[in-house]
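The structure appears right after this line, and notes come after that.
Atoms within a ligand are numbered from 1 in the order they appear, just like the ligands themselves.
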Amino acid sequence: MSFLMDTYKRLPVSFVRGEGVYLYDEEGKRYLDLVGGVAVNVLGHSDPDLVRALCEQAHKLWHVSNLYQNPWQEETAKLLVEQFGEPAKVFFCNSGAEANEGAIKLARRYFWEKGEKRYRIITFKNSFHGRTFGAMSATAQEKIHKGFEPLLDGFDYAELNDIKSVERLLRKETAGIMLEVIQGEGGINEAEGEFLVKVEELCRREGLLLIVDEVQTGLGRTGKFYGYQHFGIKPDIITLAKGLGGGFPIGCVIAREEVAQAFKPGSHGSTFGGNALACACAKVVIEKVLKLLDHVEEVGNYFKERLRPFGRVKGRGLMLGLEREENCQEVVLKALERGLLINCTAERVIRFVPPLIIQKEHVDFAIEVLREIL
Ligand SMILES: Cc1ncc(COP(=O)(O)O)c(C=O)c1O
């Protein structure tokens with residue numbers, strides 16, 4: 001009997017300890033973790049610098065309200081804005097869904113401030129933006145909506161990599177276009193560079209905000225600090241979470257300064273957002289991830305090549321998907337027995353979003369296990 005609501009299909013294993021790229025279960029069995037808390041544990045488990053920063057902060061101060069000055073948020077925001085590359089401001093929250101709620105609210109508020117009645121946002125089929133009402137309504141997947149209708153008004157769904165489908169949805173109320181440069185939960189579907197450039201051009205031409213959900217693709221996951229940086233585009237708003245705290249809950253919205261000014265005292269907030277412990281972790285994660293970018297690209301390319309014999313490989317850096325003909329949940333279970341943690345998304349895609357510190361020898365182990373199973 002479980003006291004927990006039945007919201008997850010949990011695998012029959014409990015982990016008690018983690019170190020680097022490995023997790024250990026109650027019997028002491030070791031597992032190579034290529035799930036990484038679903039793109040969260042970017043520095044692996046129990047990274048000594050992260051543990052030290054968290055413990056030092058825990059001895060000083062855990063939490064004070066956002067009613068007071070927050071120097072730890074300032075320091076973390078500065079690092080994030082430096083990577084954003086132009087004047088911008090940051091709002092801290094606790095998760096990906098919340099970050100996207102913040103982005104949606106900011107987009108609406110931006111046009112409201114300008115006296116324009118624009119509130120609709122174009123998002124993409126098979127996207128995933130989170131489970132809260134705004135983020136769920138932005139998510140264009142029926143299975144996520146089922147039983148929760150009516151959804152929040154204001155979202156129109158286009159086809160990824162089809163600019164005409166985006167143009168067809170334009171209305172005078174359209175405020176922005178929101179996308180993942182690689183759809184994660186939707187099955188590791190890559191937005192094409194040419195398409196992204198066209199989306200950006202459309203945004204500039206029509207005065208729309210370009211919002212990039214970097215919750216899964218951010219923090220070095222694809223080999224650049226932010227995933228959009230592969231394509232030479234400049235979003236107005238981006239959202240982060242998952243890897244940002246390396247396992248400590250934290251998310252944020254980053255917006256160009258002109259857009260960010262639409263939020264005023266009282267227009268948005270979060271009790272825990274940018275908590276001292278969370279920011280202590282995020283600072284270490286950002287600094288360490290910046291040194292891992294070349295490594296992610298190198299190991300990611302190696303991994304991609306080694307996966308090719310098993311099917312169509314999608315994704316970039318250490319955000320990879322292997323498309324199979326059949327449902328891959330069985331593969332996940334067989335891999336688990338053999339000490340390998342992988343994940344199945346969109347039913348037929350084996351997803352790999354490991355800690356960014358994995359080495360080629362770990363990839364080799366995973367390939368051997370997959371060879372046995374597949
Ligand atoms: C792209 C993207 N956006 C938003 C979310 C939601 O994040 P959270 O589960 O932290 O609310 C996810 C989670 O998988 C995601 O992949």
Side-chain H-bond candidate by donor/acceptor type, D25 with Y31, under 3.5 Å:
yes
Q183 heavy atom under 4.0 Å from ligand 1:
no
Taking T222 as the fixed residue, which of H230, E297, E214 is the one that meets the side chain to side chain donor-acceptor pair (under 3.5 Å) rule?
H230
Side chains of Q216 and R351, donor plus acceptor under 3.5 Å:
yes
Give the residue, atom name and distance (to 0.1 Å) of the protein heavy atom nearest atom 16 (O) of ligand 1.
Q216 NE2, 2.8 Å
Which ligand 1 atoms are under 4.0 Å away from a heavy-atom of S95?
10 (O), 11 (O)
Between R131 and ligand 1, which residue portion shows a heavy-atom distance shorter than 4.0 Å: side chain, backbone, both, or neither?
neither
So, applying side chain to side chain donor-acceptor pair (under 3.5 Å) with N100, which one of T239, T139, T132, T123 is it?
T239
Please check whether V215 reaches ligand 1 - meaning an N/O of the residue sits under 3.5 Å from an N/O of the ligand, judged on distance alone.
no
Proximity of N100 to ligand 1 by residue part, where a heavy atom lies under 4.0 Å
side chain
With a cut-off of 6.0 Å (strictly less than), are more than 12 heavy atoms of other residues, nucleotides or ligands near CZ of F272?
no
Pairs of nitrogen or oxygen atoms closer than 3.5 Å, one from G130 and one from ligand 1: do any exist?
no
Nearest non-hydrogen contact to atom 11 (O) of ligand 1 from the set C93, A97, P249 belongs to A97
Would E116 and Y110 count as having a side-chain donor-acceptor pair, cut-off 3.5 Å?
no
To the nearest 0.1 Å, how far is atom 3 (N) of ligand 1 from its closest protein heavy atom, and which atom is that?
D213 OD2, 2.7 Å
Are E372 and R338 within salt-bridge range, i.e. N to O under 4.0 Å?
yes
Side chain or backbone, does K242 bring an N or O within less than 3.5 Å of an N or O on ligand 1?
yes
Would A241 count as a polar contact of ligand 1, with the cut-off being nitrogen or oxygen pairs under 3.5 Å?
no
Is there a donor-acceptor contact under 3.5 Å linking the side chains of D364 and Y302?
yes
Residue, atom and distance of the protein heavy atom nearest atom 2 (C) of ligand 1 read F128 O, 3.3 Å
Would you please say whether a donor-acceptor pair under 3.5 Å links the side chains of Q73 and N66?
yes
Can you confirm, on distance only, whether ligand 1 has an N/O atom lying under 3.5 Å from any N/O atom belonging to E180?
no
Identify the protein heavy atom lying closest to atom 8 (P) of ligand 1, giving its residue, its atom name and the separation to 0.1 Å.
G96 N, 3.5 Å
